[in-house]
Enquirer: 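My questions will all concern the structure given below.
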Amino acid sequence: MPVYNRDVARILDQVADLLEIEGADSFRVRAYRNAAQSISTMSREVATMVDEGEDLTEIRGIGESIAEKIEEIVKTGDLGQLAQIEERTPAELTELLDLPGLGPKRVQTLHEELGIETLDDLRDAAERNRIRTVSGLGDRTEARIARELEQRHDEERRTRIDVAEEIVTPLLDYLCGIEGVEQVAVAGSYRRRQETVGDLDLLATGADGEQIIRHFTEYEDVREVISQGKTRSTVRLRLDMQVDLRVVADESYGAALLYFTGSKAHGIALRNMALDEGLKINEYGVFRDDERIAGATEEQIYDLFDLPYIVPELRENRGELEAAAEGKLPELVTVDDIRGDLQIHTTASDGKNTLEEMAAAAQERGYAYLAVTDHSPHVSVTQGLDAEALARRIDEIQELNESFNDFRLLTGIEVDILKDGSLDLPDDILKRLDIVVAAVHSAFNLDREEQTERILRALDNPTVHILVHPTGRRIGERNPRKRPPAEMDMERVMEAAKERGCFLEINASPSRLDLSDAYAKMAGEIGLKLAISTDAHSTTELDFIRYGVDQARRGWFGPDGIVNTRSWSDLKALLKR
DNA sequence: GCCGTTTTCGGCCCGACTGTTTTCAGTCG
């Protein structure tokens, strides 16, 4: 039974939660959380490291004690220490922590005084008005708990970045229109361009915070005001999206933006650097004693520590501060670097627009080329192209290409990888194409070994250039087609792709973003180049490219590592296997 | 429990808001 990083992180987090409920030393709790955080954002599997006898204490936040525990988890799938803690403190209690307004102290109090262990116990106690009898809790807290239990969703409350964008854009317009507002920005994971966001963190500057906050709570989309103070407010909008607004003076804009952009780990690392130099960073600025020495811009603050500006996408404490200190920050790829899209669909299969329309839309976006990659026959949800239809398509595209200047349609296909790793079109037709992208559309649930072998066999076929949406995952809480990533040994797949001279894709569709940022980073470390393509099924979806670029940036990719930043002639050379 | 060109011991990020209490603990980000 293989143990993955997410399993290790989950167990360490569970230990942290339970220890915290027990009232353990807060720094000890934090040590477990830091370790879990480190593990969950690593691109390599700790299980592999254990197998190869590597020293886990090299990982930031992991010392001897936790390293031993990780080894135990990797080898047995479990942790004896956790079982011991659970004898004293029921594991179900950690579910209560998910309820807004309940932290470790209150959960412990509710457990001790009312014997509450589960969400059902809590609901029952709220209905009987027993919560208000606990010292430190009153009828308002009881009402809030009842309300939160009512609204509770079983699913994780994270929203896809594109959905968040639809909500945030009109809200920003509204805030900019408020009198006395000087600057407005979105911070948080949204600004770091994470694939999903939990809530939205907004920042505004202006002299009269109270008035700005009041206007904010009067925004037409506000369903509930959760808190409202002089400089800060939290509201809930449609789709349950929670939005925090913080107002500071203009001179603190940079410090506040840095603070609220996070990540938390990046911020803590930076504040520790400040402490070493006898400085203090908070959301108002950088202070030496009581004197503010920086704070208006983020650049100013990084500069104070002799660091170059670090873009939000890199602020995850995954080595960016060290790289910055050594002058080794990567120059990241931008949307402007992208010269063409390498996966799109037309009305020939399940796309909404014709070949001509897609070509025109690509040219409008300044592209030099567009790969036409309709589906092959096996994908049953759509009508794919068989060898004969594909041959006709090649002629059609070549004819259309005569009419273009400085633009070219690439003949291509999204060929289906069958369960045994073979392709559903013969090699002789695939060989005639400019580009072949291969994908899994069925049997996502093979076991890890079988799935890996299947993919490797497909990559063995010399006609294949790019493995697209490599894990097959679909993301988003409200996505009815949500699907977990297929189990596979990604390190092996990437090594194999590199060896064979083919590439993996970052699928830029916001419901996929596949490869993820962490896998992209792994590809970079292996030295494998990637393609960023949209999988557009309509002309407007060509704009998805920016979401893919965001993830590539989060994976530390510069333009060199992305194949479709090249001219067609250079790309053509790269595609030769 | 982690970590160290100040330290192997003694630190460990920091402030706003709420609710309950009456001077502040708990939660959150």
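Letters A, B, ... are given to chains in the order of the sequence lines, protein chains preceding strands, and every chain is numbered from 1.
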Enquirer: Distance check: side-chain N/O of A:Asn282 vs OP1/OP2 of B:dG15, anything under 4.0 Å?
Expert: yes
Enquirer: Closer than 3.5 angstrom, by distance alone: can the side chain of A:Asp489 be matched with the main-chain N or O of A:Arg492 as a donor-acceptor pair?
Expert: yes
Enquirer: Could you verify whether a donor N or O on one side chain and an acceptor N or O on the other, from A:Lys264 and A:Tyr259, lie under 3.5 Å apart?
Expert: no
Enquirer: Please state whether the phosphate of B:dG26, meaning OP1 or OP2, lies under 4.0 angstrom from any side-chain nitrogen or oxygen of A:Gln108.
Expert: no
Enquirer: Calculate the interatomic distance between A:Glu20 atom CD and B:dG1 atom C1'; express it in whole Å.
Expert: 14 Å
Enquirer: With a non-hydrogen cut-off below 4.0 angstrom, is A:Arg246 in contact with a base, only sugar-phosphate, or nothing?
Expert: sugar-phosphate
Enquirer: Could you measure between the two C1' atoms, the one in B:dC13 and the one in B:dC2, and give it in whole Å?
Expert: 16 Å
Enquirer: On DNA chain B, check which nucleotide each of A:Gly61 and A:Pro104 is closest to and give me the residue with the more 5' one.
Expert: A:Gly61
Enquirer: Which whole number of Å gives the distance between the C1' atom of B:dC3 and that of B:dT8?
Expert: 9 Å
Enquirer: Paired with B:dT8 by Watson-Crick or G-U wobble geometry, both distances under 3.5 Å: which nucleotide is it?
Expert: none
Enquirer: Could you tell me how far apart A:Phe27 (CZ) and B:dG4 (P) are, to the nearest whole angstrom?
Expert: 17 Å
Enquirer: Within the structure, does a side-chain N or O atom of A:Arg106 lie under 4.0 Å from either OP1 or OP2 of B:dG26?
Expert: no
Enquirer: Which nucleotide, B:dG29, B:dG1, B:dG15, lies nearest any side-chain atom of A:Asp199?
Expert: B:dG29
Enquirer: Rounded to the nearest Å, what distance is computed from the OH atom of residue A:Tyr259 to the P atom of nucleotide B:dC13?
Expert: 11 Å
Enquirer: Ignoring hydrogens and geometry, is there a side-chain-to-backbone donor-acceptor pair from A:Asp121 to A:Thr118 under 3.5 Å?
Expert: yes
Enquirer: For the C1' atoms, the ones on B:dC12 and on B:dT7, what distance do you get once it is rounded to whole angstrom?
Expert: 13 Å
Enquirer: Would you kindly give the CG-to-C1' distance between A:Asp98 and B:dC28, to the nearest whole Å?
Expert: 14 Å
Enquirer: Between A:Met273 (CE) and B:dT5 (P), how many Å, whole number?
Expert: 13 Å
Enquirer: Roughly how far apart, to the nearest Å, are B:dG26 and B:dT20 at atom P?
Expert: 14 Å
Enquirer: Can you find a side-chain donor-acceptor pair between A:Arg448 and A:Tyr4 that sits under 3.5 Å?
Expert: yes
Enquirer: Name the closest nucleotide to the A:Arg140 side chain, picking from B:dA16, B:dT20, B:dT18.
Expert: B:dT20
Enquirer: Can you tell which of B:dC2, B:dG15, B:dT20 lies closest to the side chain of A:Asp139?
Expert: B:dT20
Enquirer: Please confirm whether the backbone N or O of A:Val225 pairs with a side-chain atom of A:Arg236, one donor and one acceptor, at under 3.5 Å?
Expert: no
Enquirer: Nearest to the side chain of A:Lys280, which nucleotide is it out of B:dC14, B:dC13, B:dC17?
Expert: B:dC14
Enquirer: Taking the minimum atom-to-atom distance to the side chain of A:Gln242, which one of B:dG15, B:dT18, B:dG29 wins?
Expert: B:dG29
Enquirer: Is there a donor-acceptor pair closer than 3.5 Å between any side-chain N or O of A:Ser40 and the backbone N or O of A:Gln37?
Expert: yes
Enquirer: Does A:Thr231 have a side-chain nitrogen or oxygen under 4.0 Å from the phosphate oxygens OP1 or OP2 of B:dC17?
Expert: yes
Enquirer: Is any side-chain nitrogen or oxygen of A:Tyr284 closer than 4.0 Å to OP1 or OP2 of B:dC13?
Expert: no
Enquirer: Just by modelled atom types, is the A:Val46 backbone N or O under 3.5 Å from a matching donor or acceptor in the A:Asn5 side chain?
Expert: yes
Enquirer: Nearest of B:dC28, B:dA16, B:dG19 to any side-chain atom of A:Pro100?
Expert: B:dC28
Enquirer: Would you mind telling me which of B:dG26, B:dT18, B:dT20 lies closest to the side-chain atoms of A:Lys105?
Expert: B:dG26
Enquirer: How long is the line joining CD of A:Glu224 and P of B:dT18, in whole Å?
Expert: 13 Å
Enquirer: If you only use heavy atoms from C-beta on, which nucleotide in B:dT27, B:dG1, B:dC13 is closest to the side chain of A:Ala31?
Expert: B:dG1
Enquirer: A:Leu275 has a side chain; which of B:dC2, B:dG29, B:dC13 sits nearest to it?
Expert: B:dC13
Enquirer: Are A:Arg193 and A:Tyr190 in a cation-pi contact, defined as NZ or CZ under 6.0 Å from the six-membered ring centre and within 45° of the axis?
Expert: yes
Enquirer: Would you indicate what A:Phe260 reaches in the nucleic acid, counting non-hydrogen atoms under 4.0 angstrom: base, sugar-phosphate, or nothing?
Expert: nothing
Enquirer: Between A:Thr109 and A:Val134, just flag the one whose closest nucleotide in DNA chain B comes earlier from the 5' side.
Expert: A:Val134
Enquirer: Using a cut-off of strictly less than 4.0 Å, decide whether A:Thr57 has a side-chain nitrogen or oxygen near OP1 or OP2 of B:dC2.
Expert: no
Enquirer: How long is the line joining CD of A:Glu277 and P of B:dT5, in whole Å?
Expert: 13 Å
Enquirer: Using atom P in both nucleotides, what's the gap between B:dT21 and B:dA25 to the nearest angstrom?
Expert: 13 Å
Enquirer: Using atom P of each nucleotide, how far apart are B:dC9 and B:dC14 to the nearest Å?
Expert: 25 Å
Enquirer: Quick one: label A:Lys264 by what it contacts on the DNA or RNA (base, sugar-phosphate, nothing), any heavy atom closer than 4.0 Å.
Expert: base
Enquirer: Closest to the A:Asn272 side chain: B:dG15, B:dT27, B:dC12?
Expert: B:dC12
Enquirer: Using the P atoms only, state how far B:dC17 lies from B:dT22, rounded to an integer number of Å.
Expert: 23 Å
Enquirer: OP1 or OP2 of B:dG1 less than 4.0 angstrom from a side-chain nitrogen or oxygen of A:Arg28, does that happen here?
Expert: yes
Enquirer: Without decimals, in angstroms, what is the distance between A:Ile66 CD1 and B:dC3 P?
Expert: 9 Å
